[in-house]
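Letters A, B, ... are given to chains in the order of the sequence lines, protein chains preceding strands, and every chain is numbered from 1.
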2 protein chains.
Amino acid sequence: MKTFSISEAAKQLNLTIYTLRYYDKEGLLPFVERTASGTRLFKESDIESLKVIECLKTTGMPIKEIKNFISWCSEGDTTLKQRYDMFLERKAAVEAQMEELKRTMEVIEHKCLYYKTALDAGTEDVHKNNKIGSNFASTY
Amino acid sequence: MKTFSISEAAKQLNLTIYTLRYYDKEGLLPFVERTASGTRLFKESDIESLKVIECLKTTGMPIKEIKNFISWCSEGDTTLKQRYDMFLERKAAVEAQMEELKRTMEVIEHKCLYYKTALDAGTEDVHKNNKIGSNFASTY
DNA sequence: GCTTGACCTAGAGTTAACTCTAGGGAATAA
DNA sequence: TTATTCCCTAGAGTTAACTCTAGGTCAAGC
């Protein structure tokens, strides 16, 4: 079976070797096997597992909680409910983040428009008498 | 003109008074005025400016860069281009974040499905022979 | 006049997630 | 066989963004 060194795995995942060792130290990578002399061997499936870990990180999950999930995985079917609930929670978290980003985008787009107009006019003063949308016409 | 104390402003913005003082210390709030004895007075427009600051933070912008933007604002029309470019950059950053969240959501939803099926069956073994979508059928 | 509670500053402490260094071992190339 | 280049661990250092403490000021109510 094909395996990868830590630096190959790091490159594939866009992480540093420091980060991978840190994850291992924190208990996130109990599945990564070693050679007799202690060198880590990353299997294809380990890379996939790491992608799931990165995915959980993107949802805003702290490493200690990801470690809990990894532990549940090695405890077998008795933890299926916990794991299911965890993913439902993550789903809700991502939905909330998407909503927040949408609101953020609206403000940013208003600002882009505000500065485009000001730049075309050569001065911010064009917005001085603008009452409608004055929330976005403030200096800051 | 109606003003708010630091604790009232904090409540409105869902921040702590520590955070607001920290922002001030970092140079994010040069517009907040003080009483003769040094107490901060938050105007309605200051609250609005802080909402923009929070918005920029949501886009992933570090406080030091937000401080640059705030400085540009007090330098007048000569910095209009910088500020416009900054918001265009922020827009691109938010778009990238949205894309990443979408990809994340797909993985999470697959996982939800995976665990729902396993939970209904009472065991993860139901996925053992599943070749299609095996990326999501891994233990981790 | 005195207590209470909110405000202030300076600066120390915390937390998460890395990031790096020192010191050492194994394998490969010349 | 020696140099190079990877790998390893333990543990120290870094960074961002708070978060809190100590010690003090000030204004309102009793």
Side-chain angles (χ1 to χ4, degrees), chain A residues 2-43 46-47 50-70 90 93 97 100 104, chain B residues 2-43 46-47 50-70 90 93 97 100 104:
Chain A
K2 166 112 219 247
T3 58
F4 305 94
S5 70
I6 194 167
S7 53
E8 286 168 334
K11 187 171 279 182
Q12 276 194 66
L13 292 157
N14 252 310
L15 297 172
T16 68
I17 53 169
Y18 304 129
T19 304
L20 284 174
R21 290 205 191 108
Y22 166 68
Y23 285 180
D24 201 2
K25 213 188 285 190
E26 292 299 305
L28 260 53
L29 313 179
F31 45 79
V32 174
E33 286 169 27
R34 309 273 191 131
T35 63
S37 60
T39 298
R40 272 171 276 247
L41 294 177
F42 290 79
K43 299 181 292 298
D46 296 346
I47 306 282
L50 267 153
K51 283 181 188 166
V52 174
I53 287 171
E54 286 308 288
C55 169
L56 289 174
K57 262 170 40 70
T58 302
T59 74
M61 202 170 178
I63 277 167
K64 279 183 186 170
E65 280 176 44
I66 299 179
K67 183 205 155 95
N68 288 342
F69 165 65
I70 298 290
R90 287 300 97 201
Q97 279 179 66
E100 186 173 28
T104 298
Chain B
K2 169 111 220 245
T3 60
F4 305 95
S5 71
I6 194 167
S7 54
E8 285 167 336
K11 187 172 281 181
Q12 276 194 65
L13 292 157
N14 252 312
L15 298 171
T16 67
I17 52 169
Y18 303 129
T19 303
L20 284 176
R21 291 205 189 107
Y22 166 68
Y23 285 179
D24 202 2
K25 213 188 286 190
E26 292 298 305
L28 260 53
L29 313 180
F31 45 78
V32 174
E33 287 170 25
R34 308 275 190 129
T35 62
S37 60
T39 298
R40 274 171 275 248
L41 293 177
F42 291 79
K43 299 181 292 296
D46 298 346
I47 305 284
L50 269 155
K51 282 182 188 166
V52 173
I53 288 171
E54 286 308 288
C55 169
L56 289 173
K57 263 170 38 71
T58 302
T59 74
M61 201 172 179
I63 276 167
K64 279 182 187 171
E65 280 177 43
I66 299 179
K67 184 203 154 96
N68 289 342
F69 164 66
I70 297 290
R90 286 301 96 202
Q97 280 180 63
E100 186 173 29
T104 298

Touch check for S5(B), heavy atoms < 4.0 angstrom, all strands: base, sugar-phosphate only, or nothing?
sugar-phosphate
On a heavy-atom basis, which atom in A9(A) and which in F4(A) lie closest, and how many Å separate them?
N-CB, 4.3 Å
Residue pairs involving residues 4-19 of chain B (criterion salt bridge (Lys or Arg N to Asp or Glu O under 4.0 Å); sequence neighbours excluded)
none
Have a look at S7(A) and say if it touches a base, only the backbone sugar-phosphate, or nothing, with a 4.0 Å heavy-atom cut-off.
sugar-phosphate
Could you tabulate the donor-acceptor pairs under 3.5 Å formed by side-chain atoms of residues 60-69 of chain B, not counting sequence neighbours?
none

For L29(A) and L50(A), run side-chain contact (heavy atoms from CB on, under 4.5 Å): C-alpha distance rounded to whole Å, both residues' side-chain angles, the deciding distance at 0.1 Å, then the answer.
CA-CA 8 Å; L29(A) 313 179; L50(A) 267 153; 3.7 Å; yes
Note down the inter-axis angle between the two ends of the helix from dG1(C)-dC30(D) to dA30(C)-dT1(D), five pairs each, to the nearest 10°.
10°
How about I53(A) and I70(A): do any of their side-chain heavy atoms sit closer than 4.5 Å?
yes
Which residue pairs pass the salt bridge (Lys or Arg N to Asp or Glu O under 4.0 Å) test when at least one of the two sits in residues 22-35 of chain A, sequence neighbours left out?
D24(A)-R34(A), D24(A)-R40(A), E33(A)-K43(A)
Would you mind building the protein contact string for nucleotides 8-19 of chain C? One character per nucleotide, 5' to 3', B for base within reach (heavy atoms under 4.0 Å), S for sugar-phosphate only, - for untouched.
BB-B-----BBB
In chain order, what residues pass the side chain to side chain contact (heavy atoms under 4.5 Å, CB included) check against L15(B), with sequence neighbours excluded?
L13(B), T19(B), L20(B), Y23(B), E54(B)
Could you tell me which non-hydrogen atom of Q12(A) sits nearest to which non-hydrogen atom of I47(A), and how far apart they are?
OE1-CG2, 4.0 Å
